[in-house]
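Report on one structure; see the data block that follows.
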Amino acid sequence: MKKIKIGGKLEAPAIAVGCMRLVSLNGKEAEHFIGNAVNSGLNFFDHADIYGRGECERIFSKAVKDLKIPRDKMIIQSKCGIVPGKMYDFSEEHILNSVDGILERLGTDYLDILILHRPDALMEPYEVGEAFYKLEKAGKVRNFGVSNMNSLQIELLQSGLRQRIIADQLQFSPVHAPMISSGIESNMFTDGGTDRNGCIMEYCRINNITIQAWSPYQFGFIKGVYIDNSEYRQLNDTLAEVGEKYGMDKTATVAAWIARHPAEIQIVTGTMNAERLQSISKGVNTRITREEWYKIYISAGHILP
Ligand SMILES: NC(=O)c1ccc[n+]([C@@H]2O[C@H](COP(=O)([O-])OP(=O)(O)OC[C@H]3O[C@@H](n4cnc5c(N)ncnc54)[C@H](OP(=O)(O)O)[C@@H]3O)[C@@H](O)[C@H]2O)c1
């Protein structure tokens with residue numbers, strides 16, 4: 001399995017196994033899925049306190065306990081900061097309480113990475129800094145990251161922290177690629193040229209922050225899968241054509257497209273299907289050409305000026 005260094009420091013597989021949909025499995029199925037992943041070298045798991053209202057973390061905890069997977073054989077990250085339907089909350093009290101809840105549900109005494117899930121408009125960097133300091137000092141969290149943040153939000157947050165932000169989890173796929181199109185269409189009056197995230201790709205590369213690509217197979221805001229979707233016929237044709245050369249299915253070819261980017265993006269998968277996870281692994285370990293990368297990008301509906 002291809003490895004990357006999250007934030008240039010934490011060695012991890014180039015695939016993070018997303019656990020948002022774990023709640024759709026029963027206990028035995030979850031055990032099978034997680035056991036398979038770990039045996040294939042996919043030992044990085046992405047959680048959030050809100051997935052299944054905490055149930056996903058509980059299912060995971062039971063499965064790894066039954067499978068007797070030692071804690072140090074896994075890299076576990078979880079997220080906090082969303083109070084569903086109400087607000088985003090980066091207050092010290094909320095962060096500290098959330099982490100205690102996460103650790104209890106996961107049945108562990110530390111997180112490898114804590115991610116702040118969505119930017120809180122009322123964020124006070126030094127208050128977050130205080131929370132992070134206490135969590136690190138207590139040995140509850142080893143590294144810190146963010147999600148869905150633009151570059152200046154990270155910069156603002158960073159100003160109140162003692163630790164370096166090492167990851168930003170962002171939606172990314174061939175069909176959801178504003179962080180690519182805004183660079184390619186720079187300084188143009190095109191839709192793709194609109195900078196929606198403060199040049200986050202460039203910012204993360206310069207600052208050694210790993211981009212974790214969430215919902216790599218969904219279009220819109222988790223609306224459905226674009227693979228084999230007739231609205232994305234041209235993209236599907238190109239994925240099939242490029243994939244054929246390497247013996248990959250379309251799912252694997254998307255993974256190869258994401259992994260081809262020099263930013264060393266970590267893919268956060270959502271599948272609960274062990275075979276599909278194997279396909280994605282194959283894609284991550286396959287290097288497509290520059291021409292193929294651009295062909296997939298254009299087929300997804302983007303322009304080259
Ligand atoms: N930071 C954030 O704001 C944020 C937001 C959303 C998600 N996330 C994280 O990102 C992870 C992935 O999100 P996601 O589940 O939306 O990602 P995804 O990988 O784009 O979607 C996975 C879903 O698509 C289905 N699917 C159907 N055909 C597929 C195909 N050919 N290839 C791949 N999947 C196919 C899967 O079903 P099967 O199970 O049958 O394969 C699964 O239900 C989550 O688990 C979570 O950890 C983070």
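Computed from heavy atoms alone, side chains included, the values below leave out hydrogens, waters and symmetry copies. Atoms within a ligand are numbered from 1 in the order they appear, just like the ligands themselves. Every value quoted in this text rests on a predicted model; they were computed, and no experiment measured them.
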Who's touching ligand 1 if we go heavy atoms under 4.0 Å?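 Lining ligand 1: G18, C19, M20, R21, D46, Y51, K79, H117, S147, N148, Q169, W214, S215, P216, Y217, Q218, I222, V225, I227, T251, V268, T269, G270, T271, M272, N273, R276.
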
Under 3.5 Å donor-acceptor pairs involving side-chain atoms of residues 136-143, not counting sequence neighbours:
from, atom 1, to, atom 2, distance (Å)
E136, OE1, Q163, NE2, 3.2
K140, NZ, D100, OD1, 2.8
N143, OD1, K9, NZ, 2.7
N143, ND2, D112, O, 3.0

Taking all non-hydrogen atoms of both residues, which atom of I75 and which atom of P13 are closest, and how far apart?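 Heavy atoms of I75 and P13 come nearest at CD1-CD, 4.4 Å.
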
Residues in salt bridge (charged side-chain N to carboxylate O under 4.0 Å, His left out) contact with R105, at least two apart in sequence or another chain: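 Salt bridge (charged side-chain N to carboxylate O under 4.0 Å, His left out) list for R105, sorted by chain: E57.
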
Table please: side-chain donor-acceptor pairs of residues 41-50 below 3.5 Å, with sequence neighbours left out.
from, atom 1, to, atom 2, distance (Å)
N43, ND2, K73, O, 3.0
D46, OD1, Q77, NE2, 2.6
D46, OD1, K79, NZ, 3.2
D46, OD1, Q169, NE2, 3.1
D46, OD2, K79, NZ, 2.7

Using the ring of each side chain (for Trp, its six-membered ring), is Y51 parallel, tilted or perpendicular to H117, with breaks at 30° and 60°?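 Y51 vs H117 ring planes: perpendicular.
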
For the rings on Y294 and W257, is their centre-to-centre separation under 6.0 Å?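 Not close enough - the centres of the two rings lie 6.0 Å or further apart.
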
